[in-house]
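We number each residue from 1, following the sequence as shown.
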Amino acid sequence: MKAVLLDRDGVINALVYHEDAGVIDGPFTTSQFKLLPRVPEAIRLLNELGLKVAIVSNQPGIAKGNLKLDTLKIFESTMLNNIRDAGGRIDQIYYCLHHPEARVPELRRSCRCRKPKIGMLERASQDLNARLDQCYMIGDGIPDMQAGLEAGCRTIFIGRWKCEICQFTEGRDVRPDLVAKDLWDACQIIQSEVSSSLPTISRGTRRSVGGFLRTGDTCRPGGAASRNLPRKT
């Protein structure tokens with residue numbers, strides 16, 4: 001394996017219960033952005049294993065009017081600084097800013113980058129020089145697993161693969177290859193597999209890339225929770 005593709009909200013940073021909307025989603029304000037325990041150390045471990053690391057994240061908050069692009073950039077800066085302080089490195093970051101029901105007209109579209117579509121994964125594969133069947137896809141939601149499986153990645157689900165999740169997967173090819181309690185646990189599994197030279201697992205095919213926002217680029221678009229609360233969409 002050559003690379004690890006990570007979802008962000010729920011994997012790298014904590015999800016937030018937004019009481020006014022009655023939903024669990026990613027953070028909307030800088031005070032809400034908190035890295036989960038041992039995330040910087042987990043990223044450093046992947047670096048030490050010689051694996052490239054990229055974030056591939058649906059970020060529709062701007063499209064929905066929940067946050068500004070500047071706030072998203074502050075989240076990113078905070079994340080990267082914490083990871084860098086621990087000796088880790090993120091090689092690439094990709095965001096899909098679109099949403100089919102966006103309040104911002106220019107971001108209202110059905111695109112190829114929004115997971116479970118695989119446009120962001122394909123771009124990461126190209127930029128990291130790693131075939132998708134040489135990548136892990138780690139996420140905490142069904143779209144992450146769908147995208148990873150469609151792309152041919154080895155998938156790791158973060159959380160508990162409980163009956164609340166399983167009811168949505170019956171008859172659909174979305175079951176993950178592996179399940180981990182958090183990113184650190186997932187990276188321990190990866191370390192074990194890389195050390196034992198696990199053969200590459202190939203499932204899917206590669207497709208053309210859609211539009212999305214990539215950090216430092218100009219490509220800008222022009223898991224069930226407790227109490228059965230709505231999850232991020």
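- In this structure a side-chain-to-backbone donor-acceptor pair under 3.5 Å is present from T78 to I74.
- Of all heavy-atom pairs between R114 and N58, the closest is CA-OD1, 3.6 Å.
- For R103, the CZ atom is loosely surrounded, since the number of other residues' heavy atoms within 6.0 Å does not exceed 12.
- Under a cut-off of 6.0 angstrom, the local environment of CG in D85 is crowded, with over 12 non-hydrogen atoms contributed by other residues, nucleotides or ligands.
- Rounding to the nearest 0.5 Å places CE of M120 at 8.0 Å from SG of C111.
- Looking at residues two or more places apart in sequence or on another chain, you find a side-chain hydrogen bond (donor to acceptor under 3.5 Å, both in side chains) between R84 and N81.
- The main-chain N or O of R131 is found under 3.5 Å from a side-chain atom of Q134 such that the two form a donor-acceptor pair.
- Side-chain atoms of Y94 and D127 include a donor-acceptor pair closer than 3.5 Å.
- Rounding to the nearest 0.5 Å gives a distance of 12.0 Å between CG of D9 and CD1 of I24.
- Between the side chains of N13 and Q32, no donor-acceptor pair of N or O atoms lies under 3.5 Å.
- Although no hydrogens or angles enter the test, the distance criterion places a donor-acceptor pair under 3.5 Å between the side chain of R44 and the main chain of A86.
- One finds the SG atom of C113 at 8.0 Å from the CG atom of L97 (value rounded to the nearest 0.5 Å).
- The ring-ring contact (aromatic ring centres under 6.0 Å, His included) contacts involving residues 21-71 comprise H18-F28, F33-F75, where partners must be two or more places apart or lie in separate chains.
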side-chain contact (heavy atoms from CB on, under 4.5 Å) between T71 and I62, worked out
CA-CA 9 Å; T71 305; I62 297 171; over 6 Å; no
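- Here the straight-line distance linking atom SG of C153 with atom CE of M145 works out to 9.5 Å at 0.5 Å rounding.
- R89 and V53 get closest at one heavy-atom pair: O-CB, 4.1 Å.
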Q59/L72 under side-chain contact (heavy atoms from CB on, under 4.5 Å): CA gap, chis, key distance, verdict:
CA-CA 9 Å; Q59 289 294 323; L72 181 63; 3.9 Å; yes
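- Between the D144 side chain and the G141 main chain, a donor and an acceptor come within less than 3.5 Å of each other.
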Step-by-step side-chain contact (heavy atoms from CB on, under 4.5 Å) determination, I90 to I43:
CA-CA 8 Å; I90 299 290; I43 301 298; 3.9 Å; yes
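- Side-chain heavy atoms closer than 4.5 Å link hydrophobic residues (I, L, V, M, F, W, Y) into clusters, and following such links, even through other members, never connects V16 to Y95.
- Atoms OH and CG, from Y136 and L51 in turn, are 7.5 Å apart once rounded to the nearest 0.5 Å.
- Rounded to the nearest 0.5 angstrom, R154 CZ and L132 CG are separated by 15.5 Å.
- Summarising the geometry of H99 relative to P60, their closest heavy-atom pair is CD2-CB, 3.8 Å, with the distance given to 0.1 Å.
- D91 places no side-chain N or O within donor-acceptor distance of the main-chain N or O of A54, the cut-off being under 3.5 Å.
- Put simply, the side chain of I190 reaches to within 4.5 Å of the side chain of V4, judged on heavy atoms.
- Pairing each heavy atom of V39 with each of I12, the nearest pair is CG2-O, 3.5 Å.
- When all heavy atoms are compared, the tightest approach of R8 to S57 is CB-OG, 3.6 Å.
- Side-chain contact check for I55 versus E76: every heavy-atom pair is 4.5 Å or farther apart.
- Put simply, the side chain of D140 never gets that close to the backbone of V11: no donor and acceptor are under 3.5 Å apart.
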Decide salt bridge (charged side-chain N to carboxylate O under 4.0 Å, His left out) for E101 and K64; before the verdict, give the C-alpha distance in whole Å, the side-chain angles of both, and the deciding distance to 0.1 Å.
CA-CA 8 Å; E101 299 175 4; K64 295 178 179 180; over 6 Å; no
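- Looking at heavy atoms from C-beta onward, K68 lies out of side-chain contact with K73 at the 4.5 angstrom threshold.
- With hydrogens and angles disregarded, no donor-acceptor distance shorter than 3.5 Å links the side chain of K2 to the backbone of L128.
- Side chain of T155 to main chain of L149: no donor-acceptor pair is present (N/O by atom type, distance under 3.5 Å, no hydrogens or angles).
- Between the side chain of S195 and the main chain of Q191, a donor-acceptor pair closer than 3.5 Å is present.
- A salt bridge between K115 and D7 is present, with a side-chain N of the basic residue lying under 4.0 Å from a carboxylate O of the acidic one.
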L5 vs L121, side-chain contact (heavy atoms from CB on, under 4.5 Å): CA-CA, chis, key distance, verdict:
CA-CA 8 Å; L5 310 180; L121 280 67; 3.8 Å; yes
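- Counting only distance, with no hydrogens or angles, the side chain of S196 and the backbone of E193 share a donor-acceptor pair below 3.5 Å.
- Taking each heavy atom of M79 and L35 in turn, the nearest pair found is CA-CD1, 4.0 Å.
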